[in-house]
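A quick write-up on the structure given underneath.
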Amino acid sequence: MNPVPRRISPAVLAEVLYLVNLLLAPGLAFLALLVLFRRHRASADALTRIHVRQSFAASVVAGMLLVVVPGLIALTGDLSRPGIWTLLLLYFVSCHAGLVMLGVLALARALAGKPCAYPLPGALR
Amino acid sequence: MKYQSQAVAKPYFIAAIGLFLGQILFGLIMGLQYVVGDYLFPAIPFNVARMVHTNLLIVWLLFGFMGAAYYLIPEEAERELFSPKLALAMFWIFLVAGAATILGYLLVPYATLAEMTGNNILATMGREFLEQPLPTKVGIVIVALAMLFNLSMTVLKGRKTAINLVLLLGLWGLAIFFLFSFYNPANLVKDKFYWWWVVHLWVEGVWELIMGAMLAFVLIKVTGVDREVIEKWLYIIIAMALISGLIGTGHHYYWIGTPEYWQWWGSVFSAMEPIPFFMMTLFAFNMVNRRRREHPNQAAVLWALGTGVMAFLGAGVWGFLHTLAPVNFYTHGSQITAAHGHMAFYGAYALVVLTMISYTMPILRGREANSRKAQVVEMWAFWLMTIAMVFITLFLTAAGILQIWLQRIAAEPMGFMAAQDQVALFYWMREITGLVFFTGLVLYIVSFFIKGEEARAS
């Protein structure tokens with residue numbers, strides 16, 4: 001078993017910021033994650049490097065999935081039709097919940113001192 | 001098993017599974033009645049099927065909690081159960097009372113049942129989930145008190161751990177809050193106000209303590225992680241559950257005639273209610289990631305992780321979805337509530353009971369884990385039921401969104417039944433996924449009969 005870090009490591013912080021970006025402070029937490037990413041993306045510590053790169057890339061993909069895709073649905077669909085609203089809300093809720101769940105799994109891995117891999121396209125390895 | 005008296009858990013678990021099967025069968029009947037209105041009418045009217053479906057849910061979960069407690073408490077307290085005979089006697093009383101109640105629902109008109117069972121002496125019937133006749137309610141109290149006496153005496157004479165104390169606290173809370181089912185004021189606002197003290201304070205209060213304790217117990221056993229680590233998590237989780245859940249009751253008070261301030265209190269505190277479920281998921285995965293052993297019962301590990309995930313999604317996410325007062329203004333009493341109810345009950349409580357059964361039943365049958373073959377079938381059951389429940393929830397959510405639009409947002413709002421007609425497609429899809437769920441449950445039962453060589457730790 002890997003040793004459990006005593007202080008909040010950049011790996012854990014990165015995953016926390018990924019979740020905060022989704023749940024509490026979208027945008028603001030992303031900026032903090034960006035700073036963390038720039039500081040630790042080439043870290044000598046593999047665990048830090050993997051979590052920081054993964055959570056940053058996953059945040060970018062999450063932003064696309066939660067902003068761009070619903071935006072496209074709203075722009076191309078007729079919002080006076082209830083079917084479009086049903087699709088839009090169902091997509092947003094399911095997608096958001098799924099992304100949060102991936103973040104929880106990644107945070108659990110970071111807390112246990114283990115690497116993670118978001119199953120998202122474009123995630124940095 | 002470490003203590004012979006833990007064996008009393010077995011009949012409780014068997015009864016729980018049998019009643020679970022009954023619950024799903026009535027769910028399927030009711031699901032079909034949503035789209036084929038006169039299906040099985042007048043033999044099983046919709047209101048009766050619904051009552052049986054929800055009451056069986058409560059009763060099988062109570063059987064599961066009791067069985068789990070009779071297994072867990074002696075092991076944590078490191079001594080035999082105070083009175084195994086009392087536990088067995090209570091099992092038979094509860095089973096006979098439960099079966100008689102369900103038969104009463106099915107065979108006697110509800111109003112007649114109320115007359116026959118003394119509802120004129122103390123009127124407690126006719127309220128959703130608390131439809132049980134007076135003698136059944138009294139029976140539940142007797143069974144619960146006898147169980148609490150039995151378990152409390154065991155803990156008092158034995159080792160006190162965070163897990164058995166949290167479980168006991170949850171079970172005491174369960175019994176105490178059930179007493180409000182006997183209080184039925186004539187004023188409808190007061191009636192609903194206190195009705196939630198049973199329903200909400202059970203599922204979003206004390207049951208979370210029971211769930212947390214059971215999950216912590218199984219995680220200690222299957223991961224080998226230090227008890228101290230798991231207990232710290234448990235303390236924080238139950239603190240958050242109570243901080244958010246108690247005043248979170250306010251989200252039921254928005255539109256029942258209570259003061260307006262409940263819209264603030266309810267919104268703010270129930271917005272925090274996903275936190276304990278979020279922590280439970282993190283807790284379960286963190287413990288499994290830090291495990292010190294590969295337990296041979298991998299099916300139990302899967303059920304435990306599934307509990308975390310599905311509880312967070314069903315109770316946390318789908319609860320938050322419609323908990324804020326401005327949103328709830330539109331969504332209350334719609335199929336969104338049904339979507340949340342299905343996934344939350346399955347994720348938080350059905351799964352945690354199944355986790356306990358999965359971990360304990362092989363031990364109660366004399367082995368650490370079932371054969372690999374039996375576990376594979378059990379895991380198939382998990383995935384079939386869980387994926388089916390995800391889709392049931394999604395279809396009901398879609399039905400709910402459409403229903404709200406048609407009934408409450410459209411320029412010319414439709415009536416309830418006209419809107420129901422428009423969402424029938426989603427009800428059909430829900431019924432089909434219900435059949436998948438049923439298949440999963442049948443596989444789960446089949447897994448108990450699959451023999452083979454006991455699985456060993458890898």
Side-chain angles (χ1 to χ4, degrees), chain A residues 1-6 8-9 11-12 15-16 18-25 47 50-51 66 70 73-74 77-119, chain B residues 223-226 229 233 271 274-275 277-293 305 308-310 312-314 316-318 320-322 327 331 336 339 343 390-391 393-407 409-411 414 419 422-423 425-426:
Chain A
M1 193 181 76
N2 292 316
V4 181
R6 286 182 181 277
I8 295 180
S9 67
V12 171
E15 301 302 350
V16 169
Y18 168 87
L19 285 165
V20 173
N21 185 44
L22 282 174
L23 295 168
L24 291 173
L47 187 74
I50 289 168
H51 275 282
L66 293 175
I73 296 174
D78 178 2
L79 286 178
S80 64
R81 287 177 54 202
I84 295 295
W85 278 102
T86 306
L87 176 71
L88 194 63
L89 290 174
L90 210 55
Y91 167 79
F92 188 85
V93 172
S94 311
C95 184
H96 185 259
L99 290 165
V100 170
M101 195 48 69
L102 291 179
V104 173
L105 304 188
L107 178 58
R109 302 274 302 170
L111 285 168
K114 289 184 172 180
C116 74
Y118 281 86
Chain B
T223 65
V225 171
D226 288 342
V229 176
W233 275 90
I275 296 173
F277 292 105
F278 175 90
M279 292 175 74
M280 269 188 228
T281 316
L282 190 59
F283 163 58
F285 277 89
N286 191 21
M287 293 310 112
V288 171
N289 280 325
R290 292 164 67 172
R291 65 189 177 275
R292 289 177 167 175
R293 62 180 297 216
L305 292 176
V309 172
M310 294 301 287
F312 173 63
L313 290 177
V317 177
W318 255 259
F320 181 77
L321 188 64
H322 61 143
V327 176
T331 60
I336 300 279
M343 200 192 249
V390 167
F391 279 95
T393 306
L394 290 176
F395 293 143
L396 287 175
T397 307
I401 297 169
L402 200 51
Q403 179 194 5
I404 292 159
W405 178 285
L406 296 172
Q407 265 182 248
I409 294 175
M414 281 184 183
Q422 298 297 313
V423 301
L425 174 67
F426 294 115

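These numbers were taken from a predicted model, which means no experiment stands behind them. Chain identifiers are assigned alphabetically (A, B, ...) following the order of the sequence lines, protein sequences preceding nucleic acid strands; residue numbering begins at 1 within each chain.
Rounded to the nearest 0.5 angstrom, A/M101 CE and B/M310 CE are separated by 9.0 Å. Here the CG atom belonging to A/L107 is positioned 4.5 Å from the CG atom belonging to B/L282, to the nearest 0.5 angstrom. Atoms CD and OG1, from B/Q403 and A/T86 in turn, are 11.0 Å apart once rounded to the nearest 0.5 Å.
Nearest heavy-atom pair, B/A398 versus A/L90, reported as atom, atom and distance to 0.1 Å: CB-CD2, 3.9 Å. Nearest heavy-atom pair, A/A97 versus B/L313, reported as atom, atom and distance to 0.1 Å: CB-CD2, 3.7 Å.
Listed by chain and residue number, nothing satisfies the ring pair (Phe, Tyr, Trp, His ring centres under 6.0 Å) test with B/F277 (two or more places apart in sequence, or in another chain). With sequence neighbours excluded, no residue satisfies salt bridge (Lys or Arg N to Asp or Glu O under 4.0 Å) with A/R81.
B/L402 has its side chain out of reach of A/W85: every pair of non-hydrogen atoms, C-beta onward, lies at least 4.5 Å apart. The closest side-chain heavy-atom distance from A/V93 to B/T397 is not below 4.5 Å.
With a 4.5 angstrom heavy-atom cutoff, B/F285 touches chain A via backbone and side-chain atoms both. Looking at B/V317, only its side chain comes within 4.5 Å of chain A, counting heavy atoms on both sides. Using a 4.5 Å cut-off between heavy atoms, B/L321 touches chain A through its side chain atoms alone.
Ranked by non-hydrogen atom pairs under 4.5 Å with chain B, the options A/S94, A/P82, A/G98 are led by A/P82. With respect to chain B, the highest number of heavy-atom pairs below 4.5 Å among A/V100, A/L87, A/L105, A/L23 belongs to A/L105.
Surrounding OH of A/Y91 are more than 12 heavy atoms belonging to other residues, nucleotides or ligands, all under 6.0 Å away.
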